[in-house]
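To start, the structure itself, in structure tokens.
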Amino acid sequence: MASSEAHLMLSVGLIEKDANGDTLWVWCYPSVTAEVRQILLSKCCLTQDGRELHSFVFGQFRRTWYYITTVEIQEPTALKKVTHFSLVVTTKDFNPEKYAALSRVLCRLYIKHGSPVKMMESYISVLTKGICQSDENGSFLNKNYDVRLAYLAGSLKDVVAQFGMESIILYTALMLKKRIVVHHPRIEALLEFTRALPAFTWHRKDWSILHPYLHLTEVELDDLRQCPGYVAGFTDPEVGNRADLFDVYVNLPDSTITVSPDAKEALAMGKVHRDIGQLIVQSAEDAERTDAQVIKDISTKTKEILASLMALADESENSKITVEGLKKHHFPPATENFLLHLAAAERLLRI
């Protein structure tokens, strides 16, 4: 039994749009809750009248990842009255490339047979053996998709190319576990940008902070508010007026980054930030360096900062950092402020 897959994969479902223009949730194995089904229907482009087709989107709700692949039926197939369908896979892990590849195989099986049975057999094969094979419909091998490659698939070089020295605001916000909201009207651009940001804090390897595709509904916002820090993506420009949701607001089309008034003290910039920002920009602008190398450069600098922070810990305080102990070092105000908030974020601060 491929126990890791059995542990990670949760369900596979189908949403169909028929010749009458009706969109329905038609099948699921084994099941999803009514609440999750409503979220998945809202994310599926087939339920969004008049909007463009999005071939692949992904996101997170209640600590469950969803991956939605949408297909337009181009020619006569076994699916007689269906014009489009979306295949929905829910899982516990973040790995868009893995589930896009699996979904392509399952979609081809559904188009060929017009029934979920063969598709379900392949899904169960991946669940139990980590593989499904078919000469004509393609094959899928789970071990080809290392999660670290999914973490590296976003481009920090592109982020820095757009924002330059202002990228230090994003780095600092992520280090301090602040709330980052990103807006772009095009979902593909939103997914591409937001998934790269957690790589700024590679030492955590925590993509659970990523909520790349949200709507301004209370059920989704309530879920988001459970997270102390996050990267959240919205296509609705109205999110820019929702200061209750963010410490840092990124307007991608305008290439602007705004720090909320409440977060300005924590995110106050000083020499330490300029030094880190220059390192980030120099590394990212080097044409010879890959995204993985840029991430390594930033991570090396981060480890230096964390080592310096740990050196300030007071052994008599259970190796924690105290405000009084920090003040004894007479750091510049912005540096002291940053180290204080970083100690809190890393759970090293003695309250």
Side-chain angles (χ1 to χ4, degrees), residues 15 17 23 39-61 64-74 83-91 93-107 145 147 149-163 167 170 180-200 207-217 220 224 230-240 245-246 248-257 284 291 295:
I15 299 167
K17 190 170 191 174
T23 301
I39 291 292
L40 296 173
L41 280 166
S42 75
K43 303 302 175 187
C44 171
C45 59
L46 299 184
T47 61
Q48 299 164 9
D49 291 337
R51 300 199 183 175
E52 62 184 306
L53 208 65
H54 303 295
S55 58
F56 182 70
V57 300
F58 58 88
Q60 184 185 180
F61 178 71
T64 293
W65 287 97
Y66 60 82
Y67 303 91
I68 305 176
T69 301
T70 299
V71 176
E72 182 176 7
I73 306 297
Q74 301 279 17
T83 60
H84 306 75
F85 72 88
S86 292
L87 182 115
V88 184
V89 177
T90 65
T91 76
D93 62 327
F94 171 79
N95 203 323
E97 286 68 35
K98 175 168 81 169
Y99 294 112
L102 173 60
S103 296
R104 284 193 294 272
V105 173
L106 299 182
C107 285
Y145 298 94
V147 69
L149 295 179
Y151 295 162
L152 289 166
S155 176
L156 281 187
K157 283 176 78 87
D158 287 350
V159 172
V160 179
Q162 183 168 1
F163 289 102
S167 303
L170 300 174
I180 300 174
V181 161
V182 182
H183 162 66
H184 197 290
R186 198 165 61 83
I187 179 61
E188 289 82 2
L190 202 57
L191 297 177
E192 186 179 341
F193 183 87
T194 55
R195 74 175 293 181
L197 296 186
F200 271 124
W207 264 253
S208 71
I209 65 170
L210 178 63
H211 298 258
Y213 182 26
L214 294 171
H215 290 98
L216 288 169
T217 61
E220 290 185 67
L224 187 65
Y230 50 73
V231 175
F234 293 82
T235 55
D236 187 345
E238 176 59 27
V239 74
L245 297 177
F246 60 80
V248 173
Y249 175 64
V250 183
N251 186 317
L252 273 185
D254 294 345
S255 295
T256 59
I257 297 177
D291 268 294
I295 290 169

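Heads up: numbering here begins at 1 and tracks the sequence. All values below were derived from every heavy atom in this structure, side-chain atoms included, with hydrogens, water molecules and symmetry-related copies excluded.
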Gap between atom SG of C107 and atom CG of L102 - 0.5 Å precision: 9.5 Å
Under the salt bridge (charged side-chain N to carboxylate O under 4.0 Å, His left out) test, residues paired with E97 that sit two or more places apart: R195
Walk me through whether S155 and D291 qualify under side chain to side chain donor-acceptor pair (under 3.5 Å). CA-CA 6 Å; S155 176; D291 268 294; 3.0 Å; yes
Measuring from F85:CZ to I15:CD1, what's the distance to the nearest 0.5 Å? 11.5 Å
Nearest-0.5 Å distance, CZ of residue F200 to CG of residue L170: 5.5 Å
Would you please indicate yes or no on a ring centroid separation below 6.0 angstrom for Y213 and H211? no
Specify the closest pair of heavy atoms between Y145 and N95, including all atoms of both residues, with the distance to one decimal. O-ND2, 3.3 Å
Side-chain (E220) to main-chain (L214) donor-acceptor, under 3.5 angstrom: no
Geometric class of the F58/F56 ring pair [parallel <30°, tilted 30-60°, perpendicular >60°]: tilted
On a heavy-atom basis, the closest approach of F234 and L190 is N-CD2, 3.3 Å
Please round to the nearest 0.5 Å and tell me the distance separating atom CG of L40 and atom CD1 of I68. 5.5 Å
Can you say whether the rings of W207 and Y151 are parallel (under 30°), tilted (30 to 60°) or perpendicular (over 60°)? parallel
Is the charged tip of K43 near the ring of Y66: under 6.0 Å from the six-membered ring centre and within 45° of its axis? no
If we only count heavy atoms from C-beta on, is the L46 to L53 side-chain gap below 4.5 Å? yes
Interatomic spacing from NE2 in H183 to CG in D236 - rounded to 0.5 Å: 8.0 Å
Are the side chains of L106 and T69 in touch, meaning some heavy atoms are under 4.5 Å apart? no
Taking the side chain as every heavy atom from C-beta outward, state whether V147 and F94 have any atom pair closer than 4.5 Å. no
Work out which heavy atom in G233 is nearest to a heavy atom in T194; give both atom names and the distance. CA-CG2, 4.3 Å
Minimal non-hydrogen separation, I180 against L197, with atom names: CG2-CD1, 4.4 Å
T23 side chain to T47 main-chain N or O, any donor-acceptor pair under 3.5 Å? no
To the nearest 0.5 Å, what is the distance between CG (L252) and OG1 (T235)? 12.0 Å
Evaluate the side-chain proximity of T90 to F61: yes if any heavy-atom separation is below 4.5 Å, no if none is. no
Donor-acceptor pair, side chain of Q60 and main chain of P212, under 3.5 angstrom: no
Please check if the side chain of S103 supplies one atom and the backbone of A100 the other of a donor-acceptor pair under 3.5 Å. no
Heavy atoms from other residues, nucleotides or ligands near CD of E192 exceed 12 (cutoff 6.0 Å): no
Quick one: do T91 and K98 satisfy side-chain contact (heavy atoms from CB on, under 4.5 Å)? Show the steps, please. CA-CA 11 Å; T91 76; K98 175 168 81 169; over 6 Å; no
Report the C-alpha separation of V239 and Y249 in whole Å, then their side-chain angles, then the decisive distance to 0.1 Å, and conclude whether the side-chain contact (heavy atoms from CB on, under 4.5 Å) test is met. CA-CA 9 Å; V239 74; Y249 175 64; 3.8 Å; yes
Over all heavy atoms of both residues, which pair between Q162 and S255 is shortest? Give the atoms and the distance, please. NE2-OG, 2.9 Å
Using every non-hydrogen atom in the two residues, find where G59 and W65 come nearest and quote the distance to one decimal. O-CE3, 3.0 Å
